[in-house]
J.: 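Got a structure for you, questions after.
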Amino acid sequence: MSVGMIESVIILVLFAMLIGTAIAIINMEQLFPVVIMSAIFSLLSALLFVVMDAVDVAFTEAAVGAGVTTVLLLGTIAVTRKTTLVSKRSDAIPFIVVFITGAGLIYGTLDMPNFGDPNSPANAYVRPEYLERTIPEIDIPNVVTAILASYRGFDTLGEAAVVFTAGIGVLLLLSGLSFRRDDEEEDN
């Protein structure tokens, strides 16, 4: 079995696990297991990104999706209901909207070049330019680090600001949670 075949099998297994996790989330009524399954979904997504050689995206997904979001949702559950309310409305309209959105996204990807295609614009024009200019201009031997820290520095700064803001929001939410509980206990 070749390495490419093993990677394809791993990707398919991870996608199957993602689909299974999503179906499990849809069928749950208790919010705590939904949050935990959402964290598992984020970790599976991060694993998928690692297998697809997008380690920076995997790191962000693991930190924000599984870490910060899970803490934020657990804090939200602590101050709200523990179960979902059963909706009396039909699920047809949301399903149709999701189906149309998914179909549009799939249609949009049909025009994209194949993954790793050497003739794609990114590989034919952008990659050689970065590989040629990075070491003479920046003098950092790791091209990925040089691109993230220098050429895409503002983008990386923005991502760090988003993660920092989310962390501060979670800390503020959790600190307010203890005050609310103290107030509720005094009222009783």
Side-chain angles (χ1 to χ4, degrees), residues 11 14-15 17-19 21-26 28-85 87 94 97-98 100-102 104-106 108-109 112 115 122 126-127 130 134 137-187:
I11 289 171
L14 286 172
F15 269 124
M17 291 171 75
L18 283 170
I19 291 169
T21 305
I23 291 170
I25 290 171
I26 290 170
M28 291 180 176
E29 291 181 11
Q30 297 291 321
L31 295 179
F32 182 75
V34 168
V35 171
I36 299 305
M37 291 300 285
S38 297
I40 291 170
F41 187 90
S42 289
L43 290 174
L44 289 171
S45 298
L47 282 172
L48 185 63
F49 291 137
V50 168
V51 172
M52 296 176 77
D53 294 329
V55 180
D56 56 332
V57 179
F59 176 74
T60 304
E61 177 65 30
V64 175
V68 174
T69 304
T70 301
V71 171
L72 183 63
L73 290 174
L74 289 173
T76 304
I77 287 174
V79 296
T80 60
R81 298 176 180 254
K82 306 288 187 238
T83 59
T84 60
L85 295 175
S87 175
V97 170
V98 168
I100 290 172
T101 303
L105 290 171
I106 290 171
T109 62
M112 292 177 59
F115 182 73
V126 178
R127 182 179 51 107
Y130 277 133
T134 298
E137 286 182 6
I138 302 174
D139 199 30
I140 297 175
N142 186 329
V143 177
V144 174
T145 302
I147 290 170
L148 292 177
S150 181
Y151 296 124
R152 293 186 59 217
F154 285 117
D155 183 46
T156 304
L157 177 65
E159 291 171 0
V162 167
V163 172
F164 178 75
T165 304
I168 294 298
V170 168
L171 289 174
L172 289 173
L173 191 115
L174 293 177
S175 67
L177 177 65
S178 65
F179 295 124
R180 284 193 189 126
R181 285 195 175 163
D182 291 342
D183 293 340
E184 288 174 2
E185 289 174 4
E186 288 175 8
D187 291 340

J.: About how many Å separate OG1 of Thr101 and CD1 of Ile106, when rounded to the nearest 0.5 Å?
T.: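 OG1 of Thr101 is found 11.0 Å from CD1 of Ile106.
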
J.: Please name all residues satisfying side chain to side chain contact (heavy atoms under 4.5 Å, CB included) with Ile36, sequence neighbours left out, ordered by chain then number.
T.: Phe32, Ile40

J.: Can you tell me how far apart CG (Leu43) and OG1 (Thr70) are? Round to the nearest 0.5 Å.
T.: 7.5 Å

J.: Pro94: which residues meet the side chain to side chain contact (heavy atoms under 4.5 Å, CB included) condition with it, sequence neighbours left out?
T.: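 Result, side chain to side chain contact (heavy atoms under 4.5 Å, CB included) vs Pro94: none returned.
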
J.: So do Leu44 and Leu48 actually touch side chain to side chain, heavy atoms under 4.5 Å?
T.: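 A side-chain contact is absent here, since even the closest heavy-atom pair is not under 4.5 Å.
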
J.: To the nearest 0.5 Å, what is the distance between CD1 on Ile138 and CD1 on Ile147?
T.: 8.0 Å

J.: Using every non-hydrogen atom in the two residues, find where Gly65 and Thr69 come nearest and quote the distance to one decimal.
T.: O-CB, 3.4 Å

J.: Within this structure, what is the CG-CG distance for the pair Leu14 and Leu47, rounded to the nearest 0.5 Å?
T.: 6.0 Å

J.: With sequence neighbours excluded, what pairs up with Ser42 under the side-chain hydrogen bond (donor to acceptor under 3.5 Å, both in side chains) test?
T.: Glu61

J.: Work out which heavy atom in Ala46 is nearest to a heavy atom in Ala58; give both atom names and the distance.
T.: O-CB, 3.3 Å

J.: Between atom CD1 of Ile26 and atom CE of Met37, what is the distance when rounded to the nearest 0.5 Å?
T.: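 So the gap between those two atoms works out to 11.0 Å.
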
